[in-house]
Amino acid sequence: MKLIFLGPPGAGKGTLAGIISKEYSIPQISTGDIFRDAIKRETELGRKVKEIVGRGDLVPDELTVSLVRERLAQPDAQKGYILDGFPRTIPQAEALGSFQKLDAVVDFAIDDALVIERLSGREICKNCGAIYHVKNMPSKVKGVCDKCGGPTYTRPDDSLESIKNRLEVYRQQTEPLIAYYGKKNLIRKIDSSKSPEDTHIQIRKALSKIV
Ligand code: ADP
């Protein structure tokens with residue numbers, strides 16, 4: 001099953017992509033994770049995108065598209081995948097459409113106020129990428145990942161200034177994709193303001209009509 005998870009930052013795409021990826025045995029492909037990994041390892045790509053990602057701006061389309069094209073050519077992505085955080089612009093969507101046929105686009109609907117609350121308390125495991133929230137979903141021991149014991153941290157782009165910019169960028173550049181994929185009859189809208197369990201049930205329902 002070839003899926004896109006579309007929605008503002010903090011909507012829960014990453015958390016749910018992790019769950020659905022295991023359930024359907026398809027890889028989760030997160031462009032944000034690819035960029036963060038490159039930044040951490042200080043590769044050439046990492047050096048190119050570090051400032052852009054830190055500000056919450058978008059990495060240029062050409063660079064992002066060529067990365068995704070390479071990733072989708074890997075053997076594990078042939079029978080399906082979840083794209084989490086890609087496409088984020090109409091040109092990215094058009095490029096993807098030129099070489100991939102999608103099954104559905106899950107639209108994670110959520111209000112800005114809730115996004116700000118979620119992102120400003122978010123903590124992430126440095127080792128395995130597991131996601132926590134200081135209030136809503138804390139790790140059992142503060143600063144330590146429940147799953148792998150690694151250290152958790154706050155993403156540099158989860159500062160209030162960068163969160164506001166990411167929301168603005170989402171509204172201007174990414175939200176038009178809802179109408180774009182709506183015309184192709186691919187949109188499955190879900191309410192992602194609830195718990196991860198509730199969102200999971202909604203996604204399962206939406207996808208059951210496809211498989
Ligand atoms: P979030 O959804 O929480 O904003 P992501 O982990 O999806 O975070 O992305 C983090 C950052 O990586 C973005 O703010 C942007 O700078 C960059 N990025 C990720 N995906 C894309 C993309 N498809 N196009 C351009 N930039 C991207």
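Counting starts at 1 for both ligands and their atoms, in listed order. Only heavy atoms go into these numbers, but all of them, side chains included; no hydrogens, no water, no symmetry mates.
Of the candidates Ile39, Asn165, Val59, Val59 brings a heavy atom nearest to atom 25 (C) of ligand 1. Ranked by closest heavy atom to atom 16 (O) of ligand 1, the top entry among Leu58, Asp57, Thr89, Asp158 is Asp57. Distances from atom 23 (N) of ligand 1 to the heavy atoms of Pro60, Gly85, Ala11, Gly54 put Gly85 nearest. Compare Gln173, Arg166, Lys13 by their heavy atoms: the one nearest to atom 4 (O) of ligand 1 is in Arg166. For the residues Arg88, Lys50, Arg155, Arg36, the heavy atom positioned nearest atom 13 (C) of ligand 1 is part of Arg88. Across the listed options Arg118, Glu51, Gln92, Gln92 owns the non-hydrogen atom lying nearest to atom 24 (N) of ligand 1.
A salt bridge does not link Arg122 to Asp157: none of the charged side-chain nitrogens sits closer than 4.0 Å to a carboxylate oxygen. Electrostatic pairing of Lys164 and Asp112 does not count as a salt bridge here, judged by no charged N lying under 4.0 Å from a carboxylate O.
Under the 6.0 Å distance and 45° angle rule, Lys184 counts as a cation-pi partner of Tyr180. Figure legend: Lys13 and Phe5 shown without cation-pi pairing, the cationic atom not lying both under 6.0 angstrom from the six-membered ring centre and within 45 degrees of its axis.
The protein heavy atom nearest to atom 11 (C) of ligand 1 is Val53 CG1, 3.9 Å.
Separating the OH atom in Tyr132 from the CG atom in Asp146 is a distance of 4.0 Å, to the nearest 0.5 Å.
Considering backbone and side-chain atoms together, Thr31 places an N or O closer than 3.5 Å to an N or O of ligand 1.
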